[in-house]
Amino acid sequence: MVENMGASVGSASSRPKNASHDVVVAFTCRTGYAPRVFKALITGITGQDGSYLADLLLAKGYEVHGLVRRSSLLARSRIDHLYHHDRLHLHYGDLTDSGSLERLVGTVRPDEIYHLGAMSHVSVSFEMPEFTQSTNAGGTRRLLQAITGARLETRFYLASTSEIFGSTSSPLDEESAVHPRTPYGDSKLEAHLATVKARENDGLFATCGIAFNHESPRRGENFVTRKITKAVAAIDAGIEDHVALGTVDTVRDWGYAPEYVEGMWRMLQHDEPGDFVMATGEGHTVREFCEAAFGHVGLDWEDHVRLDESFTRPVEVHAPIGDPAKAHRELGWKADTTALDLARLMVDADVEEIKRFLAH
């Protein structure tokens, strides 16, 4: 892994029409027939989705560039396993700083940009609404302006979200009405609309992936699914006794993050840009997730879950279920891992992590 401010590695070329899903690493350049490596830029590369996407793109032969924020602590555990990869390059910058984005885009000149970086915790957005807005909506506009300013022919993916639908009735698809009810949802709707505008007014290949909740063992510990599975592992090991949750009645459409980053990549290989819902199409309650997670190690969730109203959101969005028919029809994408299988998968990973910790 190379960490710098973006050494130039050549200008971006047009992609071959109908590029094979497995042959994006070498193609005919405008100036001849010499093969070259496809370049991708990922904002939010140290997050759950960014790390899985980096794994996927490197496996496909891409040169991957990632935007990271400078801080006193290195929060890069999700990409530690890629540290010595010679096709991974990290660059310091920030979505709230247009200058760093302009320099990065203009220097790297990526073929594909995956904009995953955001202030992504819904509950925290109520406490930090201005920062959420500046990072999520403002950051997207700054990045789009950097692309335009660099006169760059690239394909742009925005990580949109089911939170833009808010209280709209399910099932939810690309044509459903938007009605966000959280500062996070507001900010992501603005980012979504800015991306659509860049596509329709400026001719940019700009795609919005409207992803419903997707989880994994790399999920942050302040998200309810990971909070539950880590608690299961700790309780099973005798380290903890219970976990506090705000509610167990909330319904979510939970999928598996590695499958969702595959969908992101497929969107940028599609012939035309557009909006695509990524979801399982199934809703499950937090109670059901708890039952599957605790039951996987032979525990009764009701013996170990305590309800605490301090963990509830000021405004709750109930039962958002996605309709992924368009993504399946046009991209051949489908979520295969169910929410309850996901709970068991995450418990297994957290149990192994606890074992490694105790062994040391």
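Using a 4.5 Å heavy-atom cutoff, the side chains of Tyr184 and Thr161 are in contact. Side-chain contact check for Val178 versus His192: every heavy-atom pair is 4.5 Å or farther apart. Residues Gln133 and Glu130 have side chains not in contact (no heavy-atom distance under 4.5 Å, counting atoms from C-beta outward). With contacts defined as side-chain heavy-atom distances shorter than 4.5 Å, the pair Arg287/Asp249 qualifies. Using a 4.5 Å heavy-atom threshold, the side chains of Pro320 and Asp253 count as separate. Looking at Leu268 and Tyr114, their side chains come closer than 4.5 Å, going by heavy atoms from C-beta outward. Side-chain atoms of Met128 and Met119, non-hydrogen and from C-beta on, never get closer than 4.5 Å to each other. Between Leu57 and Ile42 the shortest side-chain heavy-atom distance falls below 4.5 Å.
What you find for Arg155 and His270 is that their closest heavy atoms are NH1-O, 3.0 Å. The two atoms that bring Pro171 and Asp323 nearest to each other are CB-CB, 4.3 Å, heavy atoms only. When all heavy atoms are compared, the tightest approach of Ala137 to Ser187 is CB-O, 3.6 Å. Thr43 approaches His115 most closely through the heavy-atom pair OG1-ND1, 2.8 Å.
When only modelled atom types and interatomic distance are considered, Ser100 and Asp94 share no side-chain donor-acceptor pair under 3.5 Å. Checked by atom type, the side-chain pair Gln145/Ser98 shows no donor-acceptor distance below 3.5 Å.
Once rounded to the nearest 0.5 Å, the distance linking CZ of Phe165 with CZ of Arg181 reads 15.5 Å. Distance check: Leu143 CG to Thr148 OG1 gives 9.5 Å after rounding to the nearest 0.5 Å. For the atom pair Thr135 OG1 and Arg142 CZ, the distance stands at 7.5 Å (nearest 0.5 Å). The distance from the NE2 atom of His89 to the CG atom of Leu104 is 12.0 Å, given to the nearest 0.5 Å. Interatomic distance, CD of Glu259 versus OH of Tyr52, reported as 11.0 Å (0.5 Å rounding). If you take CD1 on Ile228 and SG on Cys290, they are separated by 3.5 Å, rounding to the nearest 0.5 Å.
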task: Start with the C-alpha gap between Leu90 and Ile79, add the side-chain angles, then the distance that decides, and say whether side-chain contact (heavy atoms from CB on, under 4.5 Å) holds.
output: CA-CA 11 Å; Leu90 300 183; Ile79 57 172; 4.0 Å; yes
query: Hey, mind stepping through Glu262 and Arg266 against salt bridge (charged side-chain N to carboxylate O under 4.0 Å, His left out) and telling me if it holds?
result: CA-CA 6 Å; Glu262 167 75 21; Arg266 286 185 181 228; 2.9 Å; yes
Glu112 vs Lys60, salt bridge (charged side-chain N to carboxylate O under 4.0 Å, His left out): CA-CA, chis, key distance, verdict: CA-CA 14 Å; Glu112 298 172 1; Lys60 290 182 178 295; over 6 Å; no
- request: Please test Asp80 against Ser77 for side-chain hydrogen bond (donor to acceptor under 3.5 Å, both in side chains), starting from the C-alpha separation and ending with a verdict.
  value: CA-CA 5 Å; Asp80 277 349; Ser77 60; 5.5 Å; no
task: Given salt bridge (charged side-chain N to carboxylate O under 4.0 Å, His left out), test Asp241 with Arg306 step by step and report yes or no.
output: CA-CA 10 Å; Asp241 175 67; Arg306 308 285 186 270; 3.6 Å; yes
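In summary, of the residues considered (Leu58, Leu56, Leu82), a side-chain contact (heavy atoms from CB on, under 4.5 Å) with Val64 occurs for Leu58 alone. Partner of Asp350 under the side-chain hydrogen bond (donor to acceptor under 3.5 Å, both in side chains) criterion, chosen from Lys230, Lys355, Arg226: Arg226. Partner Tyr260 forms a ring-ring contact (aromatic ring centres under 6.0 Å, His included) with one of Trp333, Phe212, Trp254 and no other, that one being Trp333.
Taking hydrophobic clusters as Ile, Leu, Val, Met, Phe, Trp and Tyr residues chained together by side-chain heavy-atom distances below 4.5 Å, Phe311 does not share a cluster with Trp301. Residues Ile45 and Tyr157 share a single hydrophobic cluster, defined by chaining ILVMFWY side chains whose heavy atoms lie under 4.5 Å apart. Follow the hydrophobic side-chain contacts under 4.5 Å out from Leu342 and you reach Leu299 in the same cluster. Put simply, Val297 and Val286 are part of the same group of oily side chains (I, L, V, M, F, W, Y) that touch within less than 4.5 Å, one to the next. When hydrophobic clusters are built by joining Ile, Leu, Val, Met, Phe, Trp and Tyr residues whose side-chain heavy atoms come closer than 4.5 Å, directly or via intermediates, Ile354 is not grouped with Val243.
Between His65 and His91, the ring-plane angle classifies as parallel under the 30° and 60° cut-offs.
Within 6.0 Å of the CZ atom in Arg151, the count of heavy atoms belonging to other residues, nucleotides or ligands does not exceed 12. The number of heavy atoms from other shown groups lying within 6.0 Å of NE2 (His81) is above 12. For Glu240, the CD atom counts as loosely surrounded, since its 6.0 Å shell holds 12 or fewer non-hydrogen atoms of other residues, nucleotides or ligands. In His328, the NE2 atom is not crowded: 12 or fewer heavy atoms of neighbouring residues, nucleotides or ligands sit closer than 6.0 Å.
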